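Chain letters run A, B, ... following the sequence lines, proteins first, then strands; residues in each count from 1. This is a predicted model, so every value here is computed, not measured.
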Number of protein chains: 2
Amino acid sequence: MTNLAKDEIIKRLQQAGIKPTTQRVMILDYLLRNLDHPSSEKIFQDLHSQDSVLSKATVYNTVNILLDKGLVAVLETGDEVAHYDVELHEHAHFQCHSCRKIWNVALPDMEVNNPSLPEGFISTGVQVLVKGYCVDCANSLQV
Amino acid sequence: MTNLAKDEIIKRLQQAGIKPTTQRVMILDYLLRNLDHPSSEKIFQDLHSQDSVLSKATVYNTVNILLDKGLVAVLETGDEVAHYDVELHEHAHFQCHSCRKIWNVALPDMEVNNPSLPEGFISTGVQVLVKGYCVDCANSLQV
DNA sequence: GTAGTTGCAAAGGATTTGCATTAAG
DNA sequence: CTTAATGCAAATCCTTTGCAACTAC
């Protein structure tokens, strides 16, 4: 599990031009320690229960700043909530229809970076989401 | 542009086990004529302005039924709204960061159907979303 | 009749926003 | 000091739900 020192986290924020306040460091630290694609609500709940100096609005604002500066990525799954990810190198996600958990999966070596876009279109990234059933749910549901 | 006769649409609904009411036929017809990935709100606005016999709840309910029966697919983009698509064969989508419009793009012939999932996991489908800038926005924004 | 569908308005849930307070350099 | 960030609550937007009225067999 990634476990960067506070100094490292502060440095990352500063390099991105984000003022490293207590709350922002907490949140980025949380994301680096929890690679299971938490939602803003989950981040808030977990951090707020440990340490009451944190509001929901701050979590949403901070996550949006981190997104904007490219320190995290967002994954839209069709759940009502957005899931965040600090893993920035290209990879795909798998989500279980039943338990809604998300896994990272390796992207096969494919030309997903060069889909046949119309002339003049510019790609900035590709999101690949595989849906299905995880092994536990597949077993218990007899899918 | 697809332009199925009402009879065809009714038949499709019946084959899926959906009672072909006036509103449901209207909505499926709309989706077949508008391949630009409309949202429920857009469907409601366009159909309601033509013909006032339609409520927002009916649009949401109907779209969910169509989804459930596999007559349409949903595309989650990270906008606050879901976009619907009657094109059911495998393809990718491109969305412009700037104008938010969505295009269908061909999936390169890749093994996206067989990503390396963990043992026992079952895939039921893959959603590929390419993000970037469309030609018009790229030009006007000098990206 | 009876079951299923519609419309309306209200509820629900995720996210954003306004503004007074507080913290950071 | 001065600017920016925080916390709180209210607001907003999308979507779902409850329920009474309606429609179609």
Side-chain angles (χ1 to χ4, degrees), chain A residues 6-7 9-11 13-14 16-31 37-69 71-72 74-84 100 102, chain B residues 6 9-10 13-14 16-31 37-69 71-72 74-84 100 102:
Chain A
K6 287 263 148 35
D7 296 358
I9 293 172
I10 291 172
K11 198 189 292 176
L13 289 169
Q14 286 173 331
I18 302 170
K19 192 187 287 184
T21 63
T22 309
Q23 289 85 346
R24 289 169 177 179
V25 173
M26 277 172 74
I27 291 168
L28 181 52
D29 179 51
Y30 179 89
L31 285 168
H37 311 84
S39 62
S40 289
E41 188 63 32
K42 184 77 165 43
I43 299 169
F44 170 72
Q45 285 171 2
D46 288 356
L47 290 179
H48 186 73
S49 61
Q50 289 172 25
D51 211 319
S52 63
V53 294
L54 185 63
S55 77
K56 211 175 269 200
T58 300
V59 174
Y60 280 95
N61 287 336
T62 299
V63 166
N64 280 341
I65 292 168
L66 295 176
L67 255 183
D68 193 50
K69 300 298 184 181
L71 294 186
V72 303
V74 66
L75 169 61
E76 301 290 338
T77 62
D79 289 350
E80 321 85 67
V81 296
H83 299 271
Y84 299 94
R100 314 305 294 169
I102 298 163
Chain B
K6 286 262 151 25
I9 292 171
I10 290 173
L13 289 169
Q14 287 172 331
I18 303 170
K19 192 186 288 183
T21 63
T22 310
Q23 289 84 348
R24 289 168 178 180
V25 173
M26 278 172 72
I27 290 168
L28 181 52
D29 180 51
Y30 179 90
L31 285 169
H37 312 84
S39 62
S40 290
E41 188 63 30
K42 183 80 165 39
I43 298 169
F44 170 74
Q45 284 172 2
D46 288 356
L47 289 179
H48 186 73
S49 62
Q50 288 171 27
D51 212 318
S52 62
V53 292
L54 186 62
S55 76
K56 209 175 271 199
T58 300
V59 175
Y60 279 96
N61 287 336
T62 299
V63 166
N64 280 341
I65 292 168
L66 295 175
L67 253 185
D68 194 48
K69 301 297 184 181
L71 294 185
V72 303
V74 65
L75 170 62
E76 302 290 340
T77 61
D79 288 350
E80 321 84 67
V81 296
H83 299 271
Y84 298 94
R100 314 304 294 169
I102 298 163

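With contacts defined as side-chain heavy-atom distances shorter than 4.5 Å, the pair D68(A)/I65(A) does not qualify. Taking the side chain as every heavy atom from C-beta outward, T21(A) and T62(A) never approach each other to under 4.5 Å. Taking the side chain as every heavy atom from C-beta outward, I18(B) and L66(B) approach each other to under 4.5 Å.
With rounding to whole Å, D68(B) atom CG is found 13 Å from dT5(C) atom P. Summarising the geometry, the separation between CG on L13(A) and P on dG25(C) is reported as 12 Å, rounded to the nearest angstrom. If you measure from atom NE2 of H83(B) to atom P of dC14(D), you get 11 Å, rounded to the nearest angstrom. I18(B) places its CD1 atom 18 Å from the P atom of dA24(D), with the value rounded to the nearest Å. The distance from atom CD of E80(B) to atom C1' of dT16(C) is 10 Å, rounded to the nearest whole Å. The CG-P distance, from L75(B) to dC14(D), rounds to 17 Å in whole Å. Atoms CZ (F44(B)) and P (dT6(C)) sit 14 Å apart, rounded to a whole Å. dT5(C) atom C1' lies 19 Å from atom OH of Y60(B), rounded to whole Å.
Side-chain atoms of D29(B) never come within 3.5 Å of backbone atoms of V25(B) as a donor-acceptor pair (strictly under, hydrogens ignored). Looking only at distances, no side-chain donor or acceptor of H37(A) sits under 3.5 Å from a matching main-chain atom of H83(A). Using a distance-only test at 3.5 Å, with no hydrogens or angles considered, a donor-acceptor pair links the side chain of H48(B) to the main chain of L54(B).
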For nucleotides 3-10 of chain D, give me every protein contact, N/O to N/O, under 3.5 Å, one pair per line with atom names.
unit_1	atom_1	unit_2	atom_2	d
dA5(D)	OP1	R24(A)	NH1	3.2
dA5(D)	OP1	R24(A)	NH2	3.3
dT6(D)	OP1	T21(A)	OG1	2.7
dT6(D)	OP1	Q23(A)	OE1	3.4
dT6(D)	O3'	Q23(A)	NE2	3.1
dG7(D)	OP1	Q23(A)	NE2	3.4
dG7(D)	OP1	V53(A)	O	3.2
dG7(D)	OP1	L54(A)	N	3.1
dG7(D)	OP2	S55(A)	N	2.8
dG7(D)	OP2	S55(A)	OG	3.4
dG7(D)	OP2	T58(A)	OG1	2.8

